Enquirer: 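Have a look at this one before I ask anything.
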Amino acid sequence: MPGPTRQRERTSEEETETEEETGCPECESDSLVRSADGGGELVCEDCGLVIEEENIDRGPEWRAFNHSERQSKSRVGAPTTQKWQERIRTKDAGERNLQFALSEIDRMSSALGVPRSVREVASVIYRRALDDDLIRGRSIEGVATAALYAAARQLNNPRSLDEFAAVSRVEKMEMTRTYRYIVRQLGLEVKPADPEQYVPRFVSRLDLDEEVEREARALLRAAKDAAVTSGKSPVGLAAAAVYAAALLTNQKVTQSQVGEVADISEVTIRNRYKELLELDHGELVQ
DNA sequence: ATGGTTTTTACTGCGTC
DNA sequence: GACGCGGTAAAAACCAT
């Protein structure tokens, strides 16, 4: 019988990981970057892996909007309806539009710790939307957010809707509506996110170790093979897998903690993780 | 619009520390 | 007594048709 390994209590400080400029353990890249808001995660620019996170905010607040007021510079004022001012407006509209959108994409990208390639694809998508005149009737921020969301998924580096909601200036509803629209109009090909892609970040935010990540991935693969994943939220599956994996490896984490970092209800975690564990017994894992 | 499925919300009881 | 976990019913959200 393997003795129950007493897990170390989670200590926020005192236990500083010893990776400074070692590069990304996942893809060996050197381009590590500290994300701007949302908790100062150290993330890899190439693969988006979160290597280290400083403030785990477990408060109920992390889905709140931090920057309530920001863009006070875009003061529009009453239009003076003069002819050439009107012309300038329409002429430069596209340029201003694009510039602002790109800066938004940049801002959200660093907040989310998304790799550079994703920003680039997002920019391309946005330009296409602009060319096809899809912005009309929609907000620039909305389309920018949608473009980034789509790009992140296309490049297999997805962020959840809730993660986006935390950094974007548009509400979730507008986000999803705009996202559907541009995906449809531009004929973008976006496949459902693979739950495994959420695992590293959740594990990292929960301060669990690599073993959990491996186990979670194994559980998810088994589930996929057994075809119990279709129709289920990838984020929910990932969260459940992380929780289940923590159980299996005797790591301390609660359902509510996992639920919080993944923005998934505990009920969903319960329902999913039971299924995952059943498979683990019945089917073969690995 | 509608119906089926999934997720969330709210509430419950049980065991433990 | 608070906390973690499990279960349930009903509401809400989602999705394909």
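In the text below, chain A, chain B and the rest are named by the order of the sequence lines, each starting its count at 1. Quantities reported herein were computed from a predicted structural model and do not represent experimental measurements.
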Enquirer: Just checking, is any N or O donor in the side chain of A/D209 or A/Q251 under 3.5 Å from an acceptor N or O on the other one?
Expert: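 Yes - a donor-acceptor pair under 3.5 Å links their side chains.
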Enquirer: Take the protein atom CG of A/L161 and the nucleotide atom C1' of B/dT8, then report the distance between them rounded to whole Å.
Expert: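 Atom-to-atom, A/L161 to B/dT8, this comes out as 15 Å.
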Enquirer: Can you tell which of C/dC5, B/dT9, C/dC15 lies closest to the side chain of A/R180?
Expert: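 Nearest nucleotide to the side chain: C/dC15.
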Enquirer: So, is the end of the A/R159 side chain (NZ or CZ) under 6.0 Å from the ring centre of A/Y149 and within 45° of the ring's axis?
Expert: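 Negative - A/R159 is either too far from the ring of A/Y149 or too far off its axis.
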Enquirer: Any salt bridge between A/E163 and A/R205, counting N to O under 4.0 Å?
Expert: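 Between A/R205 and A/E163 there is a salt bridge, with a charged N closer than 4.0 Å to a carboxylate O.
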Enquirer: Does a side-chain N or O of A/Y273 approach OP1 or OP2 of C/dC5 to a distance below 4.0 Å, or not?
Expert: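 For C/dC5, OP1/OP2 do not have a side-chain N/O of A/Y273 under 4.0 Å.
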Enquirer: Taking only the side-chain heavy atoms of A/K232 (C-beta and beyond), determine which of B/dT6, C/dG6, C/dG4 contains the nearest atom.
Expert: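 From the listed options, B/dT6 comes nearest.
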Enquirer: A/K172 NZ to C/dC14 P: how many Å, rounded?
Expert: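 Answer to the nearest Å: 7 Å.
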Enquirer: Taking 4.0 Å as the cut-off, does a side-chain nitrogen or oxygen of A/Q257 come that near to OP1 or OP2 on C/dG4?
Expert: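 No, because none of the side-chain N or O atoms of A/Q257 sits under 4.0 Å from OP1 or OP2 of C/dG4.
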Enquirer: Without hydrogens or angle criteria, can the side chains of A/S139 and A/E174 be said to hold a donor-acceptor pair below 3.5 Å?
Expert: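 The answer is yes; a qualifying pair exists.
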Enquirer: Identify which nucleotide among C/dG6, B/dT7, B/dT8 has an atom closest to any side-chain atom of A/V267, counting heavy atoms from C-beta outward.
Expert: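 Of the candidates, B/dT8 comes closest.
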Enquirer: In this structure, how many angstroms lie between the C1' atom of B/dC17 and the NZ atom of A/K252, rounded?
Expert: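 After rounding, the gap between these two atoms is 12 Å.
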Enquirer: Taking CG from A/D162 and P from B/dT8, how many angstroms apart are they, rounded to a whole number?
Expert: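 After rounding, the reported distance stands at 8 Å.
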Enquirer: Between A/T268 and B/dT8, is there a contact of a side-chain N or O with OP1 or OP2 at under 4.0 Å?
Expert: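 So the side-chain polar atoms of A/T268 do come within 4.0 Å of the phosphate oxygens OP1 or OP2 of B/dT8, strictly under.
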Enquirer: Distance check: side-chain N/O of A/R270 vs OP1/OP2 of C/dG4, anything under 4.0 Å?
Expert: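 Answer is no, no contact under 4.0 Å.
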Enquirer: Roughly, in whole Å, what's the span from CD in A/E266 to C1' in B/dT6?
Expert: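 That distance rounds to 18 Å.
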Enquirer: Find the distance A/I264:CD1 to C/dA13:C1' and express it as a whole number of Å.
Expert: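 Rounded to the whole Å, the gap is 13 Å.
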Enquirer: With no hydrogens and no angle check, is any side-chain donor or acceptor of A/E104 less than 3.5 Å from a backbone partner on A/T145?
Expert: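 A pair under 3.5 Å: no.
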Enquirer: Which listed nucleotide (B/dA10, B/dT7, C/dC5) is nearest to the side chain of A/T254?
Expert: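 It is C/dC5.
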Enquirer: For A/I269 and B/dT6, what is the distance between atoms CD1 and C1' respectively, to the nearest whole Å?
Expert: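 Result: 15 Å.
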Enquirer: Are any of A/K274's side-chain N or O atoms less than 4.0 Å away from OP1 or OP2 of C/dC5?
Expert: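 No.
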Enquirer: Quick one: A/Q255 CD to B/dT8 C1', roughly how many Å, whole number?
Expert: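 Value for this atom pair: 15 Å.
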